[in-house]
Amino acid sequence: MAKTLPAQEVTRPCPAPAPPIWPGAWRQARRAVIAALLLPWLLLGLMGLDMGLRGGRPEQTAARWVGCLGLSTPALWPAGDGMHYPPEAAP
Amino acid sequence: MTRFCFWNRPLIAWAARDLGRQPFSALLLFVCLALLVTLVTLVLLLGQSLRLASVQWAAQAPDLVVRRVTPGGWAPLPVAEALERVQTVAGVLRPRPRVWGVVQGPGGPWTVVGVDAAAAADWPADVPLPRAGEALLGTAGRWLATAQPLFLEGRRALGFKVVGYLPRSAAAALHDGVVLNRQDALLLLGLAGDQATDLALEVFHDEEAEALRPDLASVLPWPVTITTSREQLRRQLDDIDRRTGWLLASFVPALAAMALVVAALGAAGRRQRWEVGVLKALGWGGGDLLRLHLYRGLLIAGPAVAVGSAAAYLLLFAPGTTWVGRWIFGLPGAPLPLHLSGQSAAGGLLLGMLLVALPFSAALFWSGWQAVIQDPAESIAEAER
């Protein structure tokens with residue numbers, strides 16, 4: 001036999017369902033908001049990761065060759081200009 | 001008591017939908033902001049990263065370089081005598097004669113560097129040490145096939161067998177250069193077997209280099225010029241400052257573009273006053289309207305600033321960047337693939353973001369505030385007038 005509920009309990013108003021924030025037609029907007037929130041953190045994270053993983057290494061490879069060959073000036077200043085000697089009379 | 005929270009999900013959804021109503025202007029603002037951040041960040045990072053790299057490269061260079069000079073200019077250095085005299089100076093470490101010079105090769109001048117068996121101790125295992133008749137090419141020579149002989153013309157013309165290339169990441173050390181066996185280099189440059197181009201020295205402390213100059217000059221029987229690595233580095237840093245300094249001028253168009261963006265925001269704010277008036281008349285509060293306006297701006301500005309920073313980072317720190325050598329240093333010939341890393345770039349990135357984001361946020365807030373404080377009836381009437 002079914003249990004009878006007291007009248008007060010039966011007539012208690014149910015809370016109204018919250019309106020959906022992202023109804024079907026708003027899916028694109030939802031995706032845009034998620035992308036706008038995630039993209040900056042994703043890009044900043046990738047840059048931070050790259051700084052952590054590669055920081056200083058590429059320069060060190062060239063620096064090792066500078067030491068190995070006994071060079072005084074990196075290749076950004078090619079031989080023969082004012083940064084090198086002898087600029088006017090290469091041997 | 002209700003707690004104020006800046007983030008309001010329904011309002012964010014509304015703002016996103018609202019942006020979709022005018023996608024072209026939203027896209028235009030995104031592109032403008034991203035380009036501005038890219039430009040400002042590049043200007044901030046370029047000089048700094050080149051200076052840092054130069055300091056690292058100079059740390060491996062010889063502390064002192066002694067060169068013999070005559071009234072006519074450079075003169076070859078007699079190795080045995082120079083070594084004997086230099087070794088009498090207390091504090092001088094590892095004196096070693098260098099053989100190098102500039103010769104004509106395929107496509108223009110090439111820097112020749114001679115190495116001997118003494119270099120083998122530090123030589124990387126994956127790169128062959130050139131023996132007699134062999135040549136190891138810098139990155140500019142990668143377009144030359146190893147099967148073809150390399151002809152170089154100094155005091156005499158010689159042909160060499162290409163046995164390999166320096167790794168791409170070593171381009172900053174030797175780009176338009178060729179590493180030869182020491183005897184081959186002497187022959188090509190017209191030097192005798194007991195001569196060298198100059199003498200490289202090390203010292204225990206960097207500070208000693210400057211102090212040893214007069215001692216070195218006094219023990220050598222010829223006039224010499226002595227260059228310290230600090231001097232050389234200072235010259236390089238000055239050159240970097242000179243070459244990248246003009247980029248600061250690009251802040252002027254950047255500021256003008258920023259002013260245009262702010263003005264466009266203001267114009268958009270005036271157009272939106274009618275909407276604001278209607279929404280207010282429907283019962284929206286001023287705080288909600290202001291937040292809606294801010295959400296609209298931030299949904300564009302956040303990704304734009306991040307994309308702009310990432311673009312600047314990629315342009316500068318992607319392995320093999322060639323535009324720096326070509327446009328900033330004006331290097332002719334094969335492009336120099338620069339390998340820089342974003343060490344200590346965080347400050348520059350953050351400053352670049354703030355320099356654009358702060359004025360933009362201020363303009364955004366101001367235009368929203370102006371629209372919100374106006375009377376709704378006036379806003380509607382003004383827009384319909």
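Labels below follow one simple rule: chain letters A, B, ... track the order of the sequence lines, proteins then strands, and each chain is numbered from 1.
Among B/Ala15, B/Pro124, B/Gly177, the residue with the largest count of heavy-atom pairs under 4.5 Å with chain A is B/Pro124. Most heavy-atom pairs under 4.5 Å with chain B: of the set A/Leu39, A/Leu69, A/Leu44, A/Leu38, this distinction falls to A/Leu69. For chain B, the option among A/Ala35, A/Gly70, A/Gly48, A/Gly56 with the highest count of heavy-atom pairs below 4.5 Å is A/Gly56. Chain B forms more heavy-atom pairs under 4.5 Å with one residue of A/Leu71, A/Leu42, A/Thr61 than with any other, namely A/Leu71.
Contacts between B/Ser169 and chain A at a heavy-atom distance below 4.5 Å involve backbone atoms as well as side-chain atoms. Only the side chain of B/Pro167 comes within less than 4.5 Å of a heavy atom in chain A; its backbone stays farther off. Of the two parts of B/Val307, the backbone and the side chain both hold a non-hydrogen atom closer than 4.5 Å to a non-hydrogen atom of chain A. If you measure heavy-atom distances from B/Leu338 to chain A, the contacts under 4.5 Å come from the side chain alone. Contact annotation for B/Ala121: neither backbone nor side-chain heavy atoms come within less than 4.5 Å of a heavy atom of chain A. For chain A, the nearby parts of B/Ala310 are the backbone and the side chain; heavy atoms of each come within less than 4.5 Å. When heavy atoms are compared at a cutoff of 4.5 Å, B/Val179 approaches chain A solely by way of its side chain, counted from C-beta outward. For B/Leu340, the parts sitting under 4.5 Å from any heavy atom of chain A are the backbone and the side chain alike. For a residue to count as touching a neighbouring chain, one of its non-hydrogen atoms must lie under 4.5 Å from one of that chain's; by this rule B/Leu349 touches chain A with the side chain only.
Considering CG of B/Leu166 and CG of B/Leu136, their distance stands at 4.5 Å, rounded to 0.5 Å. Rounding to the nearest 0.5 Å places CH2 of B/Trp14 at 13.5 Å from CG of B/Leu19. Put simply, CZ on A/Arg54 and CG on A/Leu49 are 11.0 Å apart, with the number rounded to the nearest 0.5 Å.
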Check: residues 52-61 of chain B side-chain donor-acceptor pairs under 3.5 Å, at least two apart:
| from | atom 1 | to | atom 2 | distance (Å) |
| --- | --- | --- | --- | --- |
| B/Ser54 | OG | B/Leu50 | O | 2.9 |
| B/Gln56 | OE1 | B/Gln343 | NE2 | 2.7 |
| B/Trp57 | NE1 | A/Glu59 | O | 3.2 |

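When every heavy atom of B/Val99 is checked against every heavy atom of B/Thr197, the shortest pair comes out as CA-OG1, 3.5 Å.
Between B/Arg235 and B/Asp238, no side-chain nitrogen of the basic residue sits less than 4.0 Å from a carboxylate oxygen of the acidic one, so the salt-bridge criterion is not met.
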Inset, instruction - Give the intermediate values and the outcome of side-chain contact (heavy atoms from CB on, under 4.5 Å) for residues A/Arg30 and B/Arg9. - result: CA-CA 10 Å; A/Arg30 181 173 188 256; B/Arg9 289 175 65 190; 6.0 Å; no
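Between A/Met51 and B/Ser341, the closest side-chain pair of non-hydrogen atoms is not below 4.5 Å.
Taking the ring pair (Phe, Tyr, Trp, His ring centres under 6.0 Å) definition, one finds that A/Trp65 meets it with B/Trp123, sequence neighbours left out.
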